[in-house]
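This report concerns only the one structure given below.
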Amino acid sequence: MKNILIVLLGPTGVGKTDISIDLAALFNCDIISADSRQLFREMSIGTAVPSDNQLNTIKHHFIRFLSVEDYYSASLFERDVLDLLPRLFSRNNIVLMSGGSGLYIDAVCNGIDDIPDVDPVVRDKYISRYKEEGIEGLRVALKILDPEHYARVDLKNYKRIMRALEICETAGRPYSSFLKKQKRKRDFRIVKIGLERTRDDLYNRINSRVDNMVKAGLEEEARLLFKFRNLNALNSVGYREFFDFFDEKISREKAIELIKRNSRRYAKRQITWWGKDKDIRWFQPERVQDIIEYISDSVIAVN
RNA sequence: GGGGAGAUACCAAAGCGGCCAACUGGGGCAGACUGUAAAUCUGCUGGCGAAUGCCUUCGUAGGUUCGAAUCCUGCUCUCCCCA
């Protein structure tokens, strides 16, 4: 096990991109982006993809390789990354994965259970059931189809219930029967590095980054994607708020304000997500030198 | 100078004698989350406490009352109208 996957994570706006470029240049490795929105080629300003310059210096994977109309998921990401890694490791025993999508990172590090794909017809069926009967209708159905999961899910979260129902119906057996929750063994070492800042610092950076995105033409980008507004990829901070502005539901100023707030909230959720992961070693972004040392020590420990 | 309106927790804003530590919204904080995850959902938000609870609040100083954010008086400040 002399191959190492360095995972650089942290909330939006901490400064992952710049550091990942520096680290990749130093260790001469590629970067795997673990970001569920940078996947899409039609989106770039609002998703803060690395600059052209950065993309030209370091080889990035999983950035802008899909269309917003394509389906993608954490498990596909796991599969694709695991397919790619052997090739990257054959050139260098270090690979850097950088991103903020916790579930995607989790899928690569620990694996995600095999669950059948959902039949779109079934999905539509439950969506309309939700529309007609509300969450109560979904609960009733789940209680019958999967009492075990019913006892455990957040019964106020319709997406959770819906997903379970979809699986129950397409698979013909309870959703809970698929959840093994076993960590997959990987044939490479994983070193998780988290970037952290004080809350004030982070929020200030997020706020001004949004201003910069707007200056860079976020509104125009959103306008071009307006027609895709119902696609999941566009249910993203920075776009949905502008869509509401285009619909004249809110003012432009309000939209920008909400983008900032929602970005802050997103960052908070990311921090909560990683809070319980004891394997993460946290660093202030200014301490790049410490990060480099930490990585070097890990490499030595492996060899 | 004269007349009127108002001062409520981080902000906005209800409450107008007891059910008020105080509706609601915003902001914030904390958390959940195995497939749409930049999504979806939950709790908390005067202080102390695990909790029954206790302590300090509704500009400020007094007063009325068994009891006041709510009524009365003085003071301070803000806003509006007339001059």
Side-chain angles (χ1 to χ4, degrees), chain A residues 10-13 16 33-40 43-49 66 68-80 99-118 120 123-124 126-127 130 135 138-139 149 152-167 170-171 175-184 199-200 202-203 206-207 209-210 213 218 222 228-242 254 257-277:
Chain A
T12 17
K16 294 184 292 292
S33 161
D35 187 304
S36 71
R37 298 296 128 134
Q38 292 183 359
L39 298 167
F40 304 107
M43 301 160 79
S44 60
I45 297 173
T47 54
V49 288
L66 292 174
V68 290
E69 296 180 89
D70 293 328
Y71 170 80
Y72 207 66
S73 73
S75 81
L76 292 177
F77 184 68
E78 175 193 12
R79 184 201 66 193
D80 292 345
S101 298
L103 187 63
Y104 279 40
I105 291 173
D106 240 42
V108 170
C109 295
N110 304 316
I112 193 164
D113 290 316
D114 284 323
I115 297 174
D117 288 333
V118 175
R123 171 159 292 175
D124 289 343
Y126 284 107
I127 288 173
Y130 176 57
I135 197 159
L138 298 181
R139 284 184 195 144
H149 199 247
R152 234 176 323 163
V153 258
D154 177 354
L155 291 172
K156 291 186 174 159
N157 192 329
Y158 75 93
K159 285 212 174 187
R160 289 279 140 60
I161 303 180
M162 225 185 267
R163 157 122 261 252
L165 286 171
E166 290 164 1
I167 299 302
T170 48
Y175 174 64
S176 53
S177 69
F178 291 100
L179 302 181
K180 310 220 167 43
K181 300 204 174 215
Q182 278 179 341
K183 279 197 176 185
R184 298 279 169 79
R199 205 52 70 82
D200 279 353
L202 216 214
Y203 284 3
I206 287 173
N207 292 160
R209 186 168 77 162
V210 170
M213 285 176 175
L218 180 57
F228 295 122
R229 59 183 316 191
N230 292 317
L231 298 175
N232 176 253
L234 276 309
N235 187 190
S236 304
V237 177
Y239 299 88
R240 53 197 328 211
E241 296 86 357
F242 263 120
K254 184 70 182 172
E257 196 181 297
L258 288 175
I259 292 171
K260 291 177 183 173
R261 184 198 70 182
N262 293 337
S263 299
R264 275 179 253 134
R265 290 182 171 177
Y266 170 49
K268 173 58 182 70
R269 270 178 272 130
Q270 290 174 298
I271 292 168
T272 298
W273 175 276
W274 289 308
K276 60 198 165 195
D277 189 339

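Basis for what follows: all heavy atoms, side chains included, without hydrogens, waters or symmetry-related copies. Residue numbers begin at 1 in each chain, while the letters A, B, ... track the order of the sequences.
Using a 4.0 Å heavy-atom criterion, one finds that F77(A) contacts no nucleic acid atom at all. Across all strands shown, R269(A) has heavy atoms under 4.0 Å from base atoms, whether or not it also approaches the sugar-phosphate. Using a 4.0 Å heavy-atom criterion, one finds that D114(A) contacts the bases of the nucleic acid, with or without backbone contacts as well. Residue G46(A) is classed as a base contact, given a heavy-atom separation below 4.0 Å to a base. Nucleic acid contact class of D117(A) (heavy atoms, under 4.0 Å, all strands): base. Across all strands shown, Y104(A) has heavy atoms under 4.0 Å from sugar-phosphate atoms exclusively, and none from any base. Residue contacts for Y239(A): at a heavy-atom cut-off of 4.0 Å it reaches no nucleic acid atom on any strand shown. When heavy atoms are screened at a 4.0 angstrom cut-off, T47(A) is found touching base atoms of the nucleic acid. Heavy atoms of D35(A) sit under 4.0 angstrom from at least one base atom. Across all strands shown, K183(A) has no heavy atoms under 4.0 Å from either base or sugar-phosphate atoms.
Each of Y203(A) and Q38(A) was matched to the nucleotide of RNA chain B holding its nearest heavy atom; the match closer to the 5' end belongs to Y203(A). In this structure, S75(A) and R240(A) both approach RNA chain B, and ranking their closest nucleotides by distance from the 5' end singles out S75(A).
Between the P atoms of rA69(B) and rG62(B), the separation comes to 15 Å (whole Å). Nucleotides rG17(B) and rG43(B) place their P atoms 32 Å apart, quoted to the nearest Å. The separation of rC79(B) from rG28(B), taken at their P atoms, amounts to 29 Å, rounded to a whole angstrom.
For D154(A), counting side-chain heavy atoms from C-beta on, the closest listed nucleotide (rC41(B), rA37(B), rC33(B)) is rC41(B). Distances were taken from every side-chain heavy atom of K268(A) (C-beta onward) to each of rG43(B), rA30(B), rC33(B); the shortest belongs to rA30(B). In the set rU34(B), rA38(B), rU36(B), rA38(B) carries the atom at the smallest distance from any side-chain atom of S101(A). Distances were taken from every side-chain heavy atom of N232(A) (C-beta onward) to each of rA38(B), rU36(B), rG43(B); the shortest belongs to rU36(B). Comparing rG31(B), rG28(B), rA37(B) against the side chain of R264(A) picks out rG28(B) as the nearest. With rA32(B), rA30(B), rA37(B) as the candidates, the nucleotide lying closest to the side chain of T272(A) is rA32(B).
In this structure, the separation between OH on Y239(A) and CZ on R37(A) is 10.0 Å, given to the nearest 0.5 Å. Taking OG1 of T170(A) as the start and CG of D117(A) as the end, the distance is 8.5 Å to the nearest 0.5 Å. In this structure, R163(A) CZ and H149(A) NE2 are separated by 10.0 Å, a value rounded to the nearest 0.5 Å.
Nucleotide rA69(B) has no partner under the Watson-Crick or G-U criteria, as no pair reaches both atom distances under 3.5 Å. Nucleotide rA12(B) forms a Watson-Crick or G-U wobble pair with rU24(B), both donor-acceptor distances falling under 3.5 Å. Across all strands shown, rG6(B) forms a Watson-Crick or G-U wobble pair with rC77(B), both key distances being under 3.5 Å. Under the Watson-Crick or G-U wobble criterion, with both distances below 3.5 Å, rA39(B) has no partner in any strand shown. Using N1 to N3 plus N6-O4 or O6-N4 for Watson-Crick, or N1-O2 and O6-N3 for G-U wobble, each under 3.5 Å, rG1(B) pairs with rC82(B). Here rC33(B) sits opposite no nucleotide as a Watson-Crick or G-U wobble pair (both hydrogen-bonding atom distances under 3.5 Å).
rU34(B) atom C1' lies 16 Å from atom CD1 of I161(A), rounded to whole Å. Look at CD1 on I271(A): it is 13 Å from C1' on rG28(B), rounded to the nearest Å. For the pair N230(A) CG and rU36(B) P, the interatomic distance rounds to 17 Å; values are reported in whole Å.
Partner of Y104(A) under the side chain to side chain contact (heavy atoms under 4.5 Å, CB included) criterion, out of I112(A), D35(A), L39(A): L39(A) alone.
A salt bridge does not link K254(A) with E241(A): every distance from a Lys NZ or Arg NE/NH1/NH2 to an Asp or Glu carboxylate oxygen is 4.0 Å or more.
Counting distance only, with no hydrogens placed and no angle test, the side-chain atoms of R160(A) and the base atoms of rA39(B) include a donor-acceptor pair under 3.5 Å.
The shortest distance between the side-chain N/O atoms of K159(A) and the OP1/OP2 oxygens of rA39(B) is not below 4.0 Å.
Judged by distance alone, with hydrogens and angles left aside, the side-chain atoms of Q270(A) form a donor-acceptor pair with the main-chain N or O of T12(A) at under 3.5 Å.
With no hydrogens or angles considered, a side-chain donor-acceptor pair links D80(A) and Y72(A) at under 3.5 Å.
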